[in-house]
A.B. asks: 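The structure that follows is given in the form of structure tokens.
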2 protein chains.
Amino acid sequence: MTTPTAKPAGPSRVGRKRDHSRDPEILEAALDVLAEVGYEGMTVDMVATRAKAGKATLYRRWPSKAELVIDAIACMKQHPGPGQGQVFLPPDTGTLRGDLVAMVKPKAVSDSNRHLRIMLGVASMISAHPELLEAINDIMLRPRASAYQTVFQRAIERGEIEDGVDVELMSSLGPAMGMFRALYHQKAPSRESMLRLIDHVILPAVGLSAPVESAHE
Amino acid sequence: MTTPTAKPAGPSRVGRKRDHSRDPEILEAALDVLAEVGYEGMTVDMVATRAKAGKATLYRRWPSKAELVIDAIACMKQHPGPGQGQVFLPPDTGTLRGDLVAMVKPKAVSDSNRHLRIMLGVASMISAHPELLEAINDIMLRPRASAYQTVFQRAIERGEIEDGVDVELMSSLGPAMGMFRALYHQKAPSRESMLRLIDHVILPAVGLSAPVESAHE
DNA sequence: TTGTTCCGGAACTGATGAGTCTCGTATATG
DNA sequence: CATATACGAGACTCATCAGTTCCGGAACAA
């Protein structure tokens, strides 16, 4: 059973090395296609073509289309896309409303839009792949949830709102409305609709009133 | 060009008649499969088998899989399923909270659950088939919206809440949270979560407070 | 009765796409 | 240089599924 050529103990050390610097481009291409046509409409050829790679190259790195997609979603946090840093870290503006408004910067909104389209693309996969839901939660939900957590905690500490506010419930309102608009009305969650949600729903729910002059910003 | 046999002016009058009493069963089977595996995972064979019909019978009545699905969704309101009447008509309980709570009866919740699963099943089709979105809105959104409209209007008329409340925004909160829970947490929108939404979000947003004793019901 | 159309069932066709393999080339080890 | 692997590109296999056609039988019209 000692066949040194058939089953090398250590991984092969000979030959050209796999160029892992291409991984991010391939995964990014996969996310693009996913956002555009959804998981079922996406073909491995589309991804390979967009990444200017061979299909065999993809299959050398990921065992199946499903694994590729799961990895692409799982890697979103490490490669958040071109020019996007940490979008959700909340600046301390001194008021709850200021913090909430700062969280719906145009950049954050367009980022959410992409997340949303990717999410809808894999919606049908989720029940069959629980690890996918985990990854999605890690990337799309928990960062926002923790940002909201921080914002509300600050408001509690400065005495602006009372303790005992259901932070989890408040934090879901934004994402839920965004998804709802995206699916039912086929339009991106706009900054305007999010401001309306903040002033007419979230702030009253925590015992604050919207500014009387709700003109702009 | 007068070929009476090739192109009869009136529809054929000879032979066995199409048994349209089977249509509802077929459409119902299509909705079942749709809710279970989504549009892309659904095959015409599955629908035919479940309806105990031949695939040819289906194609004799609908020109394509897409048309079948669109028709199935469009016909939901006429055939709301076994034992389900008009679920959303709001009883007048005398208070806004009473009306809202009455709208999340277990029957209505389970009904919404099925609607939700069907909706997620066709999510990927919607951008390619605008008429599908129309039908979905007719069946799943507008009945609920008009029910909310009535409930809030009654509250305004009895002076319980002030005029000028953003009824549309308030009405989307329930469906949006239901969808969000269904997709992200993979669990049905429960009656309990809806009650939490009513007491902690909707009522405060319209200027009312939840009952101090929020024990049960 | 006879001709026509429907029925459920099943075989068939054609397209599509996941996954594999081959080719010529590039890049690594020894 | 010789060997071994990765690369992009594309041909290939094989399974699945939309849509069609055929079958034996039933329903309906003339």
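All values below come from the heavy atoms of this structure, side chains included, with hydrogens, waters and symmetry mates left out. Quick note on labels: first sequence line is chain A, next is B, and so on, each numbered from 1.
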A.B. asks: Any chance you could list the contact pattern along nucleotides 24-30 of chain C? Use B for base contacts, S for sugar-phosphate-only contacts and - for none, protein heavy atoms under 4.0 Å, 5' to 3'.
C.D. replies: --BBBS-
A.B. asks: What is the distance, to the nearest angstrom, from the CG atom on B:D23 to the P atom on C:dC6?
C.D. replies: 13 Å
A.B. asks: Without decimals, in angstroms, what is the distance between B:H20 NE2 and C:dC6 P?
C.D. replies: 9 Å
A.B. asks: To the nearest angstrom, how far is A:W62 atom CH2 from C:dT20 atom P?
C.D. replies: 15 Å
A.B. asks: Whole-Å distance between C:dA15 P and A:D45 CG?
C.D. replies: 18 Å
A.B. asks: Kindly indicate, with the supporting measurements, whether the criterion side-chain hydrogen bond (donor to acceptor under 3.5 Å, both in side chains) is fulfilled by A:T57 and A:R18.
C.D. replies: CA-CA 9 Å; A:T57 302; A:R18 191 169 296 176; over 6 Å; no
A.B. asks: For A:R191, does its backbone N or O pair with a side-chain atom of A:R196 as donor and acceptor, under 3.5 Å?
C.D. replies: no
A.B. asks: May I ask you to establish whether B:K65 and B:Y39 are in a cation-pi arrangement, using a distance under 6.0 Å from NZ or CZ to the six-membered ring centre and at most 45° from the ring axis?
C.D. replies: yes
A.B. asks: Check the phosphate of D:dG8 against A:R22, side-chain N and O only, distance under 4.0 Å to OP1 or OP2. Yes or no?
C.D. replies: yes
A.B. asks: Classify the angle between the aromatic ring planes of A:F180 and A:Y184 as parallel (below 30°), tilted (30 to 60°) or perpendicular (above 60°).
C.D. replies: tilted
A.B. asks: Consider side-chain hydrogen bond (donor to acceptor under 3.5 Å, both in side chains). Of B:E36, B:E28, B:E25, which one does B:R50 pass it with?
C.D. replies: B:E36
A.B. asks: Specify the separation, in whole Å, of atom CD of A:E40 and atom P of C:dG17.
C.D. replies: 12 Å
A.B. asks: Choosing from C:dC7, D:dA18, D:dA6, which nucleotide comes nearest the side chain of B:R18?
C.D. replies: C:dC7
A.B. asks: Between the side chains of A:T43 and A:D45, does any donor sit under 3.5 Å from an acceptor?
C.D. replies: no
A.B. asks: Let me know the distance between NZ of B:K65 and P of D:dT16, rounded to the nearest Å.
C.D. replies: 15 Å
A.B. asks: Kindly compute the distance separating CD1 (B:I73) from CD (B:E134), expressed to the nearest 0.5 Å.
C.D. replies: 12.5 Å
A.B. asks: Measure from CZ on B:R61 to C1' on C:dC6 and round the result to the nearest Å.
C.D. replies: 9 Å
A.B. asks: Please report the distance, rounded to the nearest Å, between CG in A:L68 and C1' in C:dG17.
C.D. replies: 15 Å
A.B. asks: Evaluate the side-chain proximity of B:L141 to B:I136: yes if any heavy-atom separation is below 4.5 Å, no if none is.
C.D. replies: no
A.B. asks: Enumerate the residues from residues 46-60 of chain A whose closest heavy atom to DNA chain C is under 4.0 Å, giving them by residue number; use none for an empty result.
C.D. replies: A:K55, A:A56, A:Y59
A.B. asks: Checking the side chain of B:S171 only, and the main-chain atoms of B:Y148 only, is there a donor and an acceptor separated by less than 3.5 Å?
C.D. replies: no
